[in-house]
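Reviewing the structure listed below.
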Amino acid sequence: MPELPEVESVRRGLADWLPGARVDAVRLHDPRILGTTSQRTIAPAAAEAFATGITGAGFDVPARRGKFLWVPLAGTGDTPERALSVHLGMSGQFRIHEPGDPVHRHTRADFTCFSPDGREFSLRFVDQRIFGHLGIDELTVPGRWNSSLPVPAQMTHIAPDPLEESTDLDAIARLVKTKRSAIKSVLLDQSVLSGIGNIYADEALHRAGVHPLAQACRLRISRVRTVLESAREVMLEALEQGGTSFDALYVNVNGESGYFDRSLGVYGRTGQPCLRCGALITRLVVGGRGTHICLQCQKPQR
DNA sequence: CTTAAGCCCTGCTGGC
DNA sequence: TGCCAGCAGGGCTTAA
């Protein structure tokens, strides 16, 4: 499940290949990848517009906010600038291939590219569950955040993430304190702070010793701040190890898995001993998501 | 306005 | 052995 560290690993992988490369052709194997999960039918004209919009364009340096990724399109002379916008969803992957490599069955889009030195390669978007998304968007600076980062127009409601310089975790903590939902649900709200998904929400709450069902507004702000700092820490550590992979669903552009799963404290460890206190990890459901906690380390409290 | 719940999709797991 | 219900999850949409 790609969250911030996994998406950033993918972004870095793409950054080795895409800047300066040019798109020669696009093959859309499954147009549903252009829609959202609630907009599955894609008009043929929309698929056509995507293909013509990106064919002939050049790639600039890939960028990221939270779990969202985009590649600015260079040399189109467009104002405002446009970008290939991407969300990996649950199972999305970018893979770099030699032109003749066999096409994986879940390949949804295939971009034939030429690097600046004239070498041909294939950029493929593979997505088993089609929760991912590709699109072309204009870049714009959202007015609502304390950040000057231009982002694709469809991502302006997404808050900055913990790794951005402009992010003020004290200000985020104050915002979290206004929410009546369970703290875990607030951590997963991408309009508050982006990049945290189910895995790192559980890990951050365990590190901070906070129960996931604690009402956000009832927590002491110092505890909220500790949770946010823990989230930032755990995602930085995961990034150093190339992200978290449980199976073949998350891999980098070269097909390699991350190995942070070995360092997880609670996620996916139901019934196993807590690494800190030895109590057995238990599982509950919060906001419809599987949640893993140590009842000893994460007692309900302010 | 805020918060919660439903839906999309595929492949794997478990029960019979 | 085969079948099918149930589950997993991010984010958008709709309902309350």
Side-chain angles (χ1 to χ4, degrees), chain A residues 1-8 10 29-42 46 64-70 85-94 104-109 125-135 137 142 144 151-161 174-204 212-219 231 235 243-251 261 264 266-271 283-292:
Chain A
M1 293 132 254
E3 303 178 31
L4 190 154
E6 294 75 35
V7 179
E8 174 61 13
V10 170
H29 291 94
D30 193 331
R32 287 178 297 176
I33 207 63
L34 299 181
T36 64
T37 50
S38 47
Q39 177 65 50
R40 303 304 317 196
T41 22
I42 304 300
R64 181 194 54 76
R65 165 166 281 177
K67 306 172 202 173
F68 290 78
L69 186 65
W70 64 93
S85 58
V86 183
H87 198 288
L88 301 179
M90 283 294 299
S91 53
Q93 309 173 355
F94 266 122
H104 187 282
R105 68 185 276 215
H106 297 306
T107 301
R108 311 299 179 183
F125 191 73
V126 180
D127 188 3
Q128 178 188 95
R129 296 182 194 169
I130 326 182
F131 273 32
H133 170 76
L134 295 179
D137 268 319
R144 55 200 298 188
V151 307
Q154 291 184 358
M155 303 180 189
T156 53
H157 63 295
I158 300 300
D161 66 55
R174 289 193 292 273
L175 176 58
V176 170
K177 277 281 290 177
T178 68
K179 307 292 183 182
R180 299 167 64 93
S181 311
I183 182 66
K184 177 172 175 178
S185 298
V186 180
L187 290 180
L188 295 176
D189 185 344
Q190 306 297 301
S191 70
V192 173
L193 179 70
S194 71
I196 302 174
N198 206 36
I199 297 173
Y200 298 109
D202 281 5
E203 293 300 313
L213 283 173
Q215 213 179 358
C217 57
R218 291 181 181 269
L219 283 168
M235 291 197 291
T244 301
S245 308
F246 294 108
D247 46 35
L249 282 190
Y250 162 70
V251 292
D261 57 305
L264 294 174
V266 285
Y267 191 87
R269 299 194 64 245
T270 307
R283 185 183 180 283
L284 64 157
V285 174
V286 179
R289 300 289 178 241
T291 300
H292 312 74

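To find a chain, count down the sequence lines: A is the first, B the second, and so on, and within it residues start at 1.
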Spacing of A:Arg283 atom CZ relative to C:dG9 atom C1', expressed in whole Å:
11 Å
Donor-acceptor contact below 3.5 Å, side chain A:Arg108 vs main chain A:Asp127
yes
Rounded to whole Å, how long is the line connecting atom CD of A:Gln39 with atom C1' of C:dG10?
17 Å
Between the NE2 atom in A:His133 and the OG atom in A:Ser85, the distance rounded to the nearest 0.5 Å is 4.5 Å
Side chain proximity check, A:Lys179 to A:Val192, heavy atoms < 4.5 angstrom:
yes
Less than 4.5 Å apart, any side-chain heavy atom of A:Arg144 and any of A:His157?
yes
For A:Leu175 and B:dT3, what is the distance between atoms CG and P respectively, to the nearest whole Å?
10 Å
Heavy-atom closest pair, residues A:Gly195 and A:Met235:
O-SD, 3.8 Å
In whole Å, I'd like the distance from the CD atom of A:Glu3 to the P atom of C:dG9.
10 Å
Do the side-chain N or O atoms of A:His157 get closer than 4.0 angstrom to the phosphate oxygens (OP1, OP2) of C:dC12?
yes
In whole angstroms, the gap separating C1' of C:dC7 from NE2 of A:His292 amounts to 12 Å
Spacing between A:Leu188 atom CG and C:dC12 atom C1', to the nearest angstrom
15 Å
Quick check for you: among C:dC12, C:dG9, C:dG10, whose closest atom lies nearest to any side-chain atom of A:Thr36?
C:dC12
If you define the side chain from C-beta out and look only at heavy atoms, does anything of A:Arg283 sit under 4.5 Å from A:Val285?
yes
Whole-Å distance separating the CD1 atom of A:Ile196 from the P atom of C:dG10:
12 Å
Within the 4.0 Å heavy-atom criterion, would you say A:Gln190 contacts the bases, only the backbone, or no part of the nucleic acid?
sugar-phosphate
Contact string for nucleotides 4-13 of chain B, one letter per nucleotide 5' to 3', B = base within protein heavy-atom range under 4.0 Å, S = sugar-phosphate only, - = neither, reads S---BBBS--
For C:dG11, does OP1 or OP2 lie under 4.0 Å from any side-chain N or O of A:Lys67?
yes
For C:dG11, does OP1 or OP2 lie under 4.0 Å from any side-chain N or O of A:His87?
yes
So, taking the atom named CD1 in A:Ile196 and the one named CG in A:Asp202, what distance separates them when rounded to the nearest 0.5 Å?
11.5 Å
Considering just the side-chain nitrogens and oxygens of A:Tyr267, establish if one lies under 4.0 Å of OP1 or OP2 belonging to C:dA8.
no
Tell me: CG of A:Leu284 to C1' of C:dC7, nearest whole Å?
16 Å
